[in-house]
2 protein chains.
Amino acid sequence: MNQQSTNAIRPLPDDLAERIDLAAQVFADNGLDATRIEHLAKATGIPRATLYYYFPGKEHILAHLLSRTLRQMTVKLSAAGAEPGTGRERLARLVREHLVFIGGHGPTYRLLFAELGRAASLVDIAAGVDLAIMSPIREALRDGQRDGSLHVDDIGAATSIVYGAVLITGMQHLLIGSDRQLEDRATALLGVILSGIGTTPKPRRGRS
Amino acid sequence: MNQQSTNAIRPLPDDLAERIDLAAQVFADNGLDATRIEHLAKATGIPRATLYYYFPGKEHILAHLLSRTLRQMTVKLSAAGAEPGTGRERLARLVREHLVFIGGHGPTYRLLFAELGRAASLVDIAAGVDLAIMSPIREALRDGQRDGSLHVDDIGAATSIVYGAVLITGMQHLLIGSDRQLEDRATALLGVILSGIGTTPKPRRGRS
DNA sequence: GCCCAGGTTGGACGACACGTCTAAGCTAGT
DNA sequence: ACTAGCTTAGACGTGTCGTCCAACCTGGGC
């Protein structure tokens, strides 16, 4: 299925498909409202008339970038979730690959984040996020429960926790930066998610 | 400190301050770009010229709404976190009050979410979120570690996990809806966060 | 080499929206 | 009665989006 057809009027030539990616930084820096078509033309090297030859308008260019980002995440995280291993190992891989994706796709990821909060979006971000991000997590949790590597009473809550933790950590990384490597953060996050932060009425608690 | 002065040109009369809140739904439904001043005038009952008498422009009206929402959250969550109790009890209260806030402030909460992803915002949302949301969580975790009601090795990671879980759960509630009460979701979330989802090499794991 | 269809593009243009400004009427205090 | 500030409609200038036209380029077919 050629999903880009909903945002582009016609298939994009290869070099134009490459260059349009440069629009992501402009949108991320300015937001849809303050981004001018002239800005996009300058940043991408694609003349205005050519942009309108391929896209119905500014918002469709943004939608194209978001759809493409969701597809990339779907491919990446499905692959990470599908590699052999216990549910726990797959979950660890998902958390790490997701944070690495965020680290490597800062502008487009912030666009996705902003768009999730916007009702009038041309892209069904919520559906895309469910497919690309939450389904692999859910699968790993379910399989982990089955293979004994995880203990999950409430898969829905656990899915929200894992995704939420990655999202906030990723956004902090993008907005604030950090000396900690994303891989280290992934390990720390997963450690706390697995161990929990509760205490049980036991004389001594062993570290796992 | 009158924080609204950075977004309003002059203090707002009481009835105007009330009516401007109605703009939140318009912004949430349409986004900044597609929201027209005329839309805002219609929804709030405040004429265009009056809006410009009090605000420098459309974006400042949005900024006003966001700042006010952050202040409300700061008040609400600081209070929830400051009530007497163990760290664990305060954390439970914070999670519940936060979700309840989301339930009662859908439009403005989605605006905050969208704005966090937008670089060109007039409001330092990241700073506002840290003050309003993450600080109370951090405090509760720290105190829980001290009073023995919680066991937290990595407070930064745990803070991201708690806030992220609430955020995703709240957004799901807003976007998808649910039959589950927010209070129930809060309880479920906290349960999983406290227990963790890992397994430890023990013959039997007690439920807490 | 010629022809043709489609791609590429600059720039003119109409429509729309933001924000500014003016002026008129209202309100409350003196 | 006067005055200052509030409230507001509507005219206006400017900027931007998106449409359209026309000219040039490119590649394939004959």
Side-chain angles (χ1 to χ4, degrees), chain A residues 2 4-24 26-66 111 115 118 120-123, chain B residues 2 4-24 26-66 111 115 118 120-123:
Chain A
N2 187 343
Q4 75 179 9
S5 62
T6 60
N7 298 312
I9 297 175
R10 44 179 59 85
L12 306 178
D14 289 345
D15 87 298
L16 197 137
E18 265 184 54
R19 287 196 282 150
I20 198 66
D21 285 351
L22 296 164
V26 182
F27 281 119
D29 288 345
N30 301 292
L32 180 64
D33 184 67
T35 292
R36 299 283 164 264
I37 291 290
E38 202 52 40
H39 298 159
L40 299 180
K42 251 189 176 66
T44 62
I46 304 169
R48 287 175 69 259
T50 310
L51 287 172
Y52 282 108
Y53 182 75
Y54 284 103
F55 294 96
K58 187 167 65 169
E59 205 166 343
H60 290 78
I61 297 172
L62 174 61
H64 165 83
L65 298 172
L66 295 170
L111 288 176
E115 207 61 13
R118 200 169 78 93
S121 177
L122 295 177
V123 181
Chain B
N2 189 342
Q4 74 179 11
S5 64
T6 60
N7 299 310
I9 296 175
R10 44 177 62 85
L12 306 178
D14 289 345
D15 85 296
L16 197 137
E18 266 185 53
R19 288 196 281 149
I20 199 66
D21 285 352
L22 296 165
V26 182
F27 280 119
D29 288 345
N30 301 292
L32 180 64
D33 185 66
T35 292
R36 301 283 165 262
I37 291 290
E38 201 52 42
H39 296 161
L40 298 180
K42 251 188 176 65
T44 61
I46 304 169
R48 284 174 73 258
T50 310
L51 287 171
Y52 282 107
Y53 182 75
Y54 285 103
F55 295 98
K58 185 167 65 168
E59 204 166 346
H60 290 79
I61 297 172
L62 173 62
H64 166 82
L65 298 172
L66 295 170
L111 287 176
E115 205 62 11
R118 200 167 79 92
S121 178
L122 295 177
V123 182

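In what follows, chains are A, B, ... by sequence order, proteins preceding strands, each numbered from 1. Heavy atoms only: backbone and side chains are in, while hydrogens, waters and symmetry mates are out.
- Summarising the geometry, the separation between CG on A:Asp33 and P on D:dG15 is reported as 16 Å, rounded to the nearest angstrom.
- A straight line from NZ of A:Lys58 to P of C:dA17 spans 13 Å, rounded to a whole angstrom.
- Listed pair A:Tyr53 / C:dT9 fails the phosphate criterion, with no side-chain N or O lying under 4.0 Å from OP1 or OP2.
- Going from atom CG of B:Leu32 over to atom C1' of C:dG19 covers 14 Å, rounded to whole Å.
- Here the CG-CD1 distance, from B:Leu12 to B:Ile20, works out to 7.5 Å after rounding to the nearest 0.5 Å.
- B:Leu51 places its CG atom 16 Å from the C1' atom of C:dC21, with the value rounded to the nearest Å.
- C:dG7 atom P lies 12 Å from atom CD1 of A:Ile9, rounded to whole Å.
- Separating the CD1 atom of A:Ile37 from the P atom of C:dT9 is a distance of 15 Å, rounded to the nearest angstrom.
- The only option from A:Val123, A:Leu122, A:Leu65 that meets the side chain to side chain contact (heavy atoms under 4.5 Å, CB included) definition with A:His60 turns out to be A:Leu122.
- Taking atom CZ of residue A:Arg48 and atom P of nucleotide C:dC13, one finds them 14 Å apart after rounding to whole Å.
- You'll find the side chain of B:Leu62 stays beyond 4.5 Å of the side chain of B:Thr35, heavy atoms only.
- C:dG7 atom C1' lies 19 Å from atom OH of A:Tyr52, rounded to whole Å.
- Considering only the side chain of A:Pro47, C:dG10 comes nearest among D:dT16, C:dC18, C:dG10.
- Other residues, nucleotides and ligands contribute at most 12 non-hydrogen atoms within 6.0 Å of the CG atom of B:Asp14.
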